[in-house]
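Here the structure is a predicted model, which is why all the values come from computation and not from measurement. For ligands, and for the atoms within them, numbers begin at 1 and follow the listed sequence.
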Amino acid sequence: MTRIAVLDKEHCRPQKCKFLCHRMCPMVKTGRDTIVIDEELNKPVISEELCSGCGICVKKCPFETITIVNLPEELGEPVHQYGKNGFRLYNLPTPKEGVVGVVGANGIGKSTMIKILAGEIKPNLGEGAGWDEILERFKGKEIQDYLERLSQGEIRAVYKPQYVDSIPKVVKGKVKTALKKNDDAGNLDDIAARLDMENSLNKKIGELSGGELQRFAIAACLLKDADIYLLDEPSSYLDVRERLNLAGVIRGLKDKFIFVVEHDLVVLDYLSDYTHVIYGKPGAYGIISGIKGVRVGINEYLCGFLRVENMRFRDEIKFDVRPPSQKSKRSELVEYPEIEKRYDEFSLAIEAGILYEPEILGILGPNATGKTTFVKILAGDVKADNTKLDMKLKVSYKPQYIKPGKGLVKSLGIKPEFIERFGIKFLMEKPMQKLSGGELQKVAIADCLTKDAELYLLDEPSAYLDVEERLKLAKYLKKFAYDREASVLVVDHDVLLVDYLSDELLVFSGESGKNGKASQPLNLRDGMNKFLKELSITFRRDAETGRPRANKPESVKDREQRSKGEYYYVG
Ligand code: ADP
Ligand code: ADP
Ligand code: SF4
Ligand code: SF4
């Protein structure tokens, strides 16, 4: 075993704790330099050689910033390490022609891996290695040839960053003009058509919506002629149709290396030929698994157990393939009337329906068909045109766009059980305005669930959450609804999450930005069938895990299910 000690320097605050770790370490007490204080940085430095692994500092640190773990000897030295007591990444992926999907929590090293492949970071094998050592280390491995080309500067890489929101700050002007600059092979019209971008080509970049900006960034990347395409979270802001459509466009790149980091497992599955799972401890270390076929890789990921590696990294996430709970076991919470709403350019019509308790009602539908408007009407934030909706219910609402308040996170008064559940203890002292997207999302969900209500409305809770957080959220929301006997509405584009959660589905359809309509709540099978039929895509359930999988168009299953009108196979 090799012992590693990692310190999360950003959250370590010696001015508050007066170096408690240093004061409590039994080795330091006996006069050894196991923890010393770096005067310049004003941070502790832990010696991995002298540490006995007792774990006292880990437990005592009030900010949970120390990780001490033993890793198997076979892992060898890390491929890359960010300085003393810094995060480290083990192993490298295998570039293969086709699409390699990368799945793992945030902070586990995905961007580090991508930057290595793009030649932005030269792996240091722990510290300061040169190319000779790196090439020697990977001799005989599938990545050897790639690394040799990388070391010679012969790899042309293009990269779609995770956050697209900041693009308008650096790229100005018209969408079409900006894309033309990248159009190496004259594919602009084709790619724009396939990404459904025609309406945004003549807009200014500063005017684009999140979804348009995402497609702009992807197009800019795919138009380039490169050896390797690295796409970090391409599905954010896109609806299900756009996500699956995008998958088709990416798969259209032939004979190239393509790596995609993605937290929506249905999309990752549909998109990729292979997968690498990255596991470990976020912020401390990440281990890149061997390359796996996409089905096996995602199944093992959900199971929390990697077979070849013989490694359990979490409990299994099980899918309930039985029909969801019977209506008779649930009681009626409220009946809402038919709802109509008109804006200048948009009109919405929703059939009357019933909400039950306990229940999770999933809401699916294309962008700009009125899902958020409906939720806001239920929350009482927007008035319907045709009816005075007064359901006399206690409602708690998490909006899609979260506006952080002025105070510290702790001023929200989130209940300790939710602080624990969402792992947000370390954020309590932070100002809300300083939180990252994912942190803010978790705080907002925890705050929403803390409130005592009969109806909980969660608009896009998966946005900015990583795959682990989504799976945990799905599991927990189900328990929450049933333990509290509450009604929970969840609008989301992550089909795996919605499928896992929902007792019933409300399906929106219509022409984005022009009109939207919704049926009454349907059972999962009928709801999914309606939703998928409109998308013209069929889904099956994976035999081993029960998770939903999109069928490849024109595959045997696709044709068979289409002919039966069975777009969603419950099994
Ligand atoms: P992911 O893409 O999976 O979210 P990253 O590769 O961005 O993960 O980061 C993995 C870890 O490495 C994080 O804990 C991050 O704080 C740390 N890290 C990333 N870049 C640096 C850097 N330049 N210096 C020090 N630590 C870094
Ligand atoms: P979804 O949640 O399905 O993406 P929304 O309910 O957010 O859809 O929006 C539906 C349509 O209504 C969009 O075209 C949006 O621009 C329009 N819309 C929403 N709120 C307003 C408003 N306050 N004034 C005018 N148009 C609006
Ligand atoms: Fe000291 Fe124990 Fe922490 Fe190692 S694990 S640094 S020995 S307190
Ligand atoms: Fe204090 Fe924890 Fe930093 Fe040690 S690691 S100085 S205990 S905050």
Trainee: What protein heavy atom sits nearest atom 3 (Fe) of ligand 3, and how far away is it?
Mentor: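 Heavy-atom neighbour on the protein nearest atom 3 (Fe) of ligand 3: Cys57 SG, 2.3 Å.
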
Trainee: Using heavy-atom distances only, which candidate in Tyr82, Tyr285, Phe87 approaches atom 20 (N) of ligand 1 most closely?
Mentor: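 It is Tyr82 whose heavy atom sits nearest to atom 20 (N) of ligand 1.
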
Trainee: With a 4.0 Å heavy-atom cut-off (strictly under), which part of Arg13 contacts ligand 4: side chain, backbone, both or neither?
Mentor: backbone

Trainee: How far is atom 4 (Fe) of ligand 3 from its nearest protein heavy atom, and which residue and atom is that?
Mentor: Cys51 SG, 2.4 Å

Trainee: I'd like to know: is atom 2 (Fe) of ligand 4 within the 2.8 Å range of an N/O/S atom from Cys17, strictly under that distance?
Mentor: no

Trainee: Among all protein heavy atoms in this structure, tell me which lies nearest to atom 1 (Fe) of ligand 3, with the distance rounded to 0.1 Å.
Mentor: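 Result: Cys25 SG, 2.3 Å.
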
Trainee: With respect to atom 2 (Fe) of ligand 3, please indicate if Cys54 possesses an N, O or S atom at a distance under 2.8 Å.
Mentor: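 Looking at Cys54, which is the residue asked about, there is an N, O or S atom under 2.8 Å from atom 2 (Fe) of ligand 3.
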
Trainee: Closer than 4.0 Å and a protein heavy atom, does any atom meet both conditions relative to atom 7 (O) of ligand 1?
Mentor: yes

Trainee: Which protein non-hydrogen atom lies closest to atom 9 (O) of ligand 1, naming both residue and atom, and how far is it?
Mentor: Thr112 OG1, 3.9 Å

Trainee: Is Phe216 close to Leu179 at the side-chain level, that is, under 4.5 Å between some pair of heavy atoms?
Mentor: yes

Trainee: So which heavy atom in the protein is nearest atom 14 (O) of ligand 1, and how far is it from that ligand atom?
Mentor: Gly283 CA, 3.2 Å

Trainee: How does Ala105 reach ligand 1, if at all, at less than 4.0 Å between non-hydrogen atoms: by side chain, backbone, both, or neither?
Mentor: backbone

Trainee: Just to confirm my output: which protein heavy-atom neighbour is closest to atom 5 (S) of ligand 3, and how far is it?
Mentor: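 Protein heavy atom with the smallest distance to atom 5 (S) of ligand 3: Gly55 N, 3.2 Å.
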
Trainee: Are any of the N or O atoms of Gly107 closer than 3.5 Å to those of ligand 1?
Mentor: yes

Trainee: Parallel, tilted or perpendicular, judged at 30° and 60°: which one describes the rings of Tyr301 and Phe313?
Mentor: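 Ring orientation of Tyr301 relative to Phe313: tilted.
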
